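Structure first, then comments.
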Amino acid sequence: MCTDMRKIYKKLAIVFVLMASSALSLVAQTNNVGIGTNTPDNSALLEMQSSTKGVLVPRMTAVQRIAIVAPANALLVYDTDSACFFYWNTISWVSLCNAGGVGPAGPTGPTGLNGASGTNGTNGLNGINCWDLNGDGIQDPAEDMNGDNAWNALDCVGATGAAGANGATGAAGPAGANGATGAVGPTGAAGANGATGATGPTGLTGANGVTGPIGPTGATGANGINGATGPTGPTGFGIGPTGPTGPNGATGPAGANGATGAAGPTGAAGANGATGAAGPTGAAGVNGATGAAGPTGAAGPTGAAGANGATGAAGATGAVGANGATGAAGPTGAAGAAGATGPTGPTWTLTTPTLNANGTITINGTAGSGGPVTTTTQAWICAPNTAGTNSLLATGFLGTSSNNHIDLVSNNIVRGRLSNLGEFFIGATNTVIAGDLMNGVGNATFPWAINGYTSFNGGGVYGSVQSGTTNFSAIEGAYIGTGNGSGVYGNNQGTGTGAGVTGNYVGPATAATNPIGVSGYSDPSTAGNGRIGVMGDYDDVAHFGIGVIGLSLGGGIPIGNLDIGVVGWRTNNANYSGYFNGNHVIANGTKSASVGTSQGNQLLYVTETPEVWFEDIGMGQLVNGRATINLDPLFLETVLIDDEHPMQVFIQVQGECNDVFVIPGKTSFEVVEKGGGNSNIKFSYRIMAKRLHFADHRFGNDPVWGPGDTRQYNSDAKPRPIDYYQGLQMDAQEKANPTAPTYPAGLIAPATAPQNAARDINDTNPTNGTQQAAPQQANGGTTVANDTQQQLQSLQQQMILQQQQMQQQQQLIQQQQLQILQLQQQAAPSGQKPQ
């Protein structure tokens, strides 16, 4: 309690400093005031002495106290309603009557008895297990179907599945030469087949037992009676004496000197001196010995094979019937005597065979030959359809003249078809989409339906619409699956500068045509953000690249180590490198202008506000203290200025005056000098007005990032260095240690590798037709070493590229210096040496 009272004394002492009484004498020293004393203490700003009077603070009701506007911190009043002093403590009024603290809490009453527990419900009847065939709940020996002396789910035998379809019958081998036919012995009587045993009936599955009802829950016991609340402790009173002020502490030791500030920027490098004559080239150094190859890491352990599932019990095999007794072989008859040799037959000659229109062949001969003889089966005729012509001298054909299909068969399986309409199918026997002339359909074994390869100056696949009017393309791709495939996929694995997909329009440039190199279209029936006309995706942490690049009128392709989503470039800084038409153009980061400087192109950033403003900047001058500025009429056509949307004007005077104020209007504003001044100084102004049709916009949700607090997806952006080479180093470090991005549920994160990467790795080699397996990644394997080697080679290539760029820049600087020197020589008067 004493500690609390000391706090009250200190607070009252602060209040007394602000009080004065006109009834008492006031004595002002140099820096302090005395009331009731002529010698106030030097340590006190205000000292009051009296043995007959006190200090009377303002008295008011609680309503009046609460109605005080913006009370100062430590303001003290007396509340007549509660008969207590109150002081304002930053955010609320605090009563000094509660300074004595709260009395101790009374003891807690005893806890009431717990209610009786409810009785448990009766157990339900057990159901019948699937192996309990007779439903008697007893483990019968006959019910142990697998013979493991355990009755469980392994004894539950399901119905036998339907027999699989028989495989295709293999082609019959060539028939061997017939041997001489022996005499047929008498056939013995066939034995009677044994009777097939009857299949025993399958027992019925017993019904599950009824689950017993749940017993009622016992009543909850009554809560115990709360103990009586203890009496409140007495409120503290009285004001104790103020304790003596403690001596000042010793002065602490001086702190250590602060760290030395960062070195100032390095001055600009002086101009390079003239290049000296190149010295003789030194002898080439001896190549160092090649280091020994590191040991190959051990292969990881092979995982254990999974356990084989239990084999179901085989059904009982019926008894085989007894074979009948084989009859005794009959005796072989005696060989007959050789007959007499007949007379020699007549001589006859074969003529040219005839190919009939139905595919049969007729063999003719002279009299006595037995001809003509015609085959009973038909052959496939490889001859012209015109009778009497020689197939070796005219174009032959392979096909049919009937209205039937021609199927292509191998291994007794139909692989394709030439239809009677002229359609050609591989992997199918009918059309997939109406209008197919040539159709290739892939399957699980051969997923690539149509492939084209070439190693020469031509295309692997080429399509061309030669003439006519059509809205379709020479080559079209459509993806209607459920994965992440593409309609058309282009892949360039060469060493040149070719592209994965190239579009080139060289047709006529007329008003009726749209000369488009590459066009993208998306099905409008697709929901969500799935409607994408053209998408460019670059995703590679080991290299640099550009997602989409668009060039106009010979625009340049940025070189160097860059990571850019979209590039639009037009030569000579003319017209538009990119054009967007819509209410919003959104960039998640900053918007910048790239401006050329002596330190390379530097970024200048755009000011952004929660509202949509247009601004204009100009100059004006006061004439006898007043000036009227009329806004640009063309600027007025782009903004909305009215009573609800007034313009904002900012003035910066450029001379001495009595300051100025602005009288804004709708099409102009007036600048007036204060105090009736009549200055004639100049001033600059900056006006801001709401953009027409966007006057009431303020903020606006971006639904791409989803609902809720999206600050979790934000991250600090490192400032770009001014120096070019430091910028390259920063880009290389960020590529080597990329930050894993986070995406909301409404944003589709790009895959770590293109979905068609499997085709890139497992592509078919067109030279030998063999499949190349994808390399397997193994801990400690050679693939990891290869990856490391590739990263080292990539860094070396980057260093070489940077060195080449430095050399190019040095050469450019030397050329510019030479041009400047030549211009100075031309401009210098005759006989004078340029500086």
Side-chain angles (χ1 to χ4, degrees), residues 164-175 351-364 371-454 458-468 470 472-481 488 764 766-771:
N166 293 327
T169 303
T351 60
T352 303
T354 302
L355 299 179
N356 302 316
N358 61 355
T360 60
I361 301 175
T362 300
I363 300 176
N364 300 304
V373 179
T374 302
T375 60
T376 59
T377 57
Q378 297 170 322
W380 202 301
I381 301 175
C382 297
N385 200 21
T386 303
T389 59
N390 190 342
S391 61
L392 298 178
L393 301 179
T395 303
F397 73 91
L398 175 65
T400 176
S401 58
S402 65
N403 188 22
N404 294 320
H405 306 306
I406 299 175
D407 287 344
L408 303 179
V409 180
S410 67
N411 197 18
N412 204 26
I413 301 175
V414 177
R415 307 296 188 181
R417 169 174 292 180
L418 177 62
S419 74
N420 57 358
L421 299 178
E423 304 162 307
F424 188 76
F425 309 120
I426 293 294
T429 56
N430 50 44
T431 183
V432 176
I433 300 176
D436 287 346
L437 180 61
M438 179 172 289
N439 191 346
V441 180
N443 52 42
T445 305
F446 303 102
W448 307 102
I450 296 177
N451 287 339
Y453 304 101
T454 182
V461 176
Y462 177 77
S464 174
V465 177
Q466 298 292 336
S467 62
T470 177
F472 293 94
S473 304
I475 295 179
E476 296 195 7
Y479 179 80
I480 55 177
V488 174
T764 301
T767 59
N768 55 21
T770 59
Q771 293 287 337

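Side chains included, hydrogens not; waters and symmetry mates left out as well; all remaining heavy atoms used. The structure displayed is predicted, hence computed values, not measured ones.
In this structure, T429 and V414 have side chains that are in contact, with non-hydrogen atoms separated by less than 4.5 Å. Counting only heavy atoms from C-beta outward, the side chains of N439 and V432 approach each other to under 4.5 Å. N356 is listed as a side-chain neighbour of T362, based on a closest heavy-atom distance under 4.5 Å. Counting only heavy atoms from C-beta outward, the side chains of F424 and L408 approach each other to under 4.5 Å. Residues V461 and I475 have side chains in contact (heavy-atom distance under 4.5 Å, counting atoms from C-beta outward). Side-chain atoms of E423 and T431, non-hydrogen and from C-beta on, do get closer than 4.5 Å to each other. N404 places none of its side-chain heavy atoms less than 4.5 Å from the side chain of N420.
D407 is linked by a salt bridge (charged side-chain N to carboxylate O under 4.0 Å, His left out) to R417, counting only residues two or more places apart in sequence or in another chain.
Contact detail for S410 and R415: the closest heavy-atom pair is OG-NE, 2.8 Å. For G440 against A449, the heavy-atom pair with the smallest separation is O-CB, 3.3 Å.
Counting only distance, with no hydrogens or angles, the side chain of T375 and the backbone of I361 share a donor-acceptor pair below 3.5 Å.
Separating the CG atom in D436 from the CG atom in L421 is a distance of 12.5 Å, to the nearest 0.5 Å.
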